[in-house]
Amino acid sequence: QVPLVESGGGLVQAGGSLTLSCAASGRIYSSHVMHWFRQAPGKEREYVAGIRWGVERTFYADSVKGRFTVSRSSAKNTMYLQMSNLKPEDTAVYYCTIDRRGTLSRRPSDYNDWGQGTQVTVGL
């Protein structure tokens, strides 16, 4: 397992911005993909974005495309999620996970390594 720690959540008004971080304690290989998911109260965990570690190819859910940007720092073993033009429907706990086989699956049940999550609340 790779311990993952998310941070950077908070309360922001609609239209505002936040940047989340996901720090990994273990080795991240170039073939790995790291993903962001989120879970709103009473809803299932859903895919947000991902990045293939080696080539920095990025992937996004349609709901966040054009507003969120995923990036990574190999030196810091950290993935980031820059969120802008936030909407109340973005309110959720945000989690990161690691996709060791590079399957790009968007099903949370396909992943075992999760951080504790970081809460993002977007007010009106």
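Note that the coordinates shown come from a computational prediction; the quantities given were computed from them, not determined experimentally. The residues of the chain are indexed from 1 along the displayed sequence.
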Please walk me through it: do V64 and R38 pass side-chain contact (heavy atoms from CB on, under 4.5 Å)?
-> CA-CA 12 Å; V64 306; R38 66 186 181 187; 4.0 Å; yes
Counting C-beta onward and ignoring hydrogens, is there a side-chain heavy-atom pair between [X] and [Y] closer than 4.5 Å?
X    : Y    : answer
S105 : Y111 : yes
E44  : Q39  : no
V33  : L104 : yes

Would you call D90-K87 a salt bridge at under 4.0 Å N-O?
->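 Salt bridge absent between D90 and K87.
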Quick one: do D99 and R52 make a salt bridge, cutoff under 4.0 Å?
->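 A salt bridge is absent here (no side-chain N lies under 4.0 Å from a carboxylate O).
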Check: [Y] main-chain N/O paired with [X] side-chain donor or acceptor under 3.5 Å:
X    : Y    : result
T118 : G9   : yes
R57  : W53  : no
T103 : R101 : no
T19  : Q82  : no
N77  : G26  : yes

Could you state the interatomic distance from [atom1] ([X]) to [atom2] ([Y]), rounded to the nearest 0.5 Å?
X   : Y    : atom1 : atom2 : result
R45 : S109 : CZ    : OG    : 11.0 Å
T97 : N112 : OG1   : CG    : 7.5 Å
M79 : M34  : CE    : CE    : 4.5 Å
W36 : M83  : CH2   : CE    : 8.0 Å

Which residue pairs satisfy the ring-ring contact (aromatic ring centres under 6.0 Å, His included) criterion with at least one member in residues 54-74, sequence neighbours excluded?
->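 Sorted result for residues 54-74: empty, none.
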Is it true that atom CZ of R106 has more than 12 heavy atoms of other residues, nucleotides or ligands lying nearer than 6.0 Å?
->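 Count over threshold, so yes.
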Return yes when atom CD of E89 has more than 12 non-hydrogen atoms of other residues, nucleotides or ligands closer than 6.0 Å, and no otherwise.
->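 Yes, CD of E89 has more than 12 neighbouring heavy atoms, counting only those of other groups under 6.0 Å.
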Taking every non-hydrogen atom, the tightest pair across [X] and [Y]:
X    : Y   : value
Q116 : E6  : NE2-O, 2.8 Å
N85  : S17 : N-OG, 4.4 Å
C96  : L4  : O-CD1, 3.5 Å
G117 : V93 : CA-CG1, 3.8 Å
A14  : P88 : CB-CD, 4.2 Å
V120 : L20 : CG2-CD2, 4.0 Å

May I ask you to check whether F37 and W114 place their ring centers less than 6.0 Å from one another?
->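 When the ring centroids of F37 and W114 are compared, they turn out to be within the sub-6.0 Å range.
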Given Y94 and Q119, is the side-chain contact (heavy atoms from CB on, under 4.5 Å) satisfied, shown in steps?
-> CA-CA 6 Å; Y94 284 70; Q119 175 72 48; over 6 Å; no
Linked, directly or transitively: I28 and Y80 (ILVMFWY side chains, under 4.5 Å) =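 No, I28 and Y80 fall in different hydrophobic clusters.
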Are L81 and I98 linked, directly or through other ILVMFWY residues, by side chains that come within less than 4.5 angstrom of each other?
->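 Same hydrophobic cluster.
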Strictly by modelled atom types, are Y95 and H35 linked by a side-chain donor-acceptor pair under 3.5 Å?
->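 Their side chains do not contain a donor-acceptor pair, so the 3.5 Å distance test is not met.
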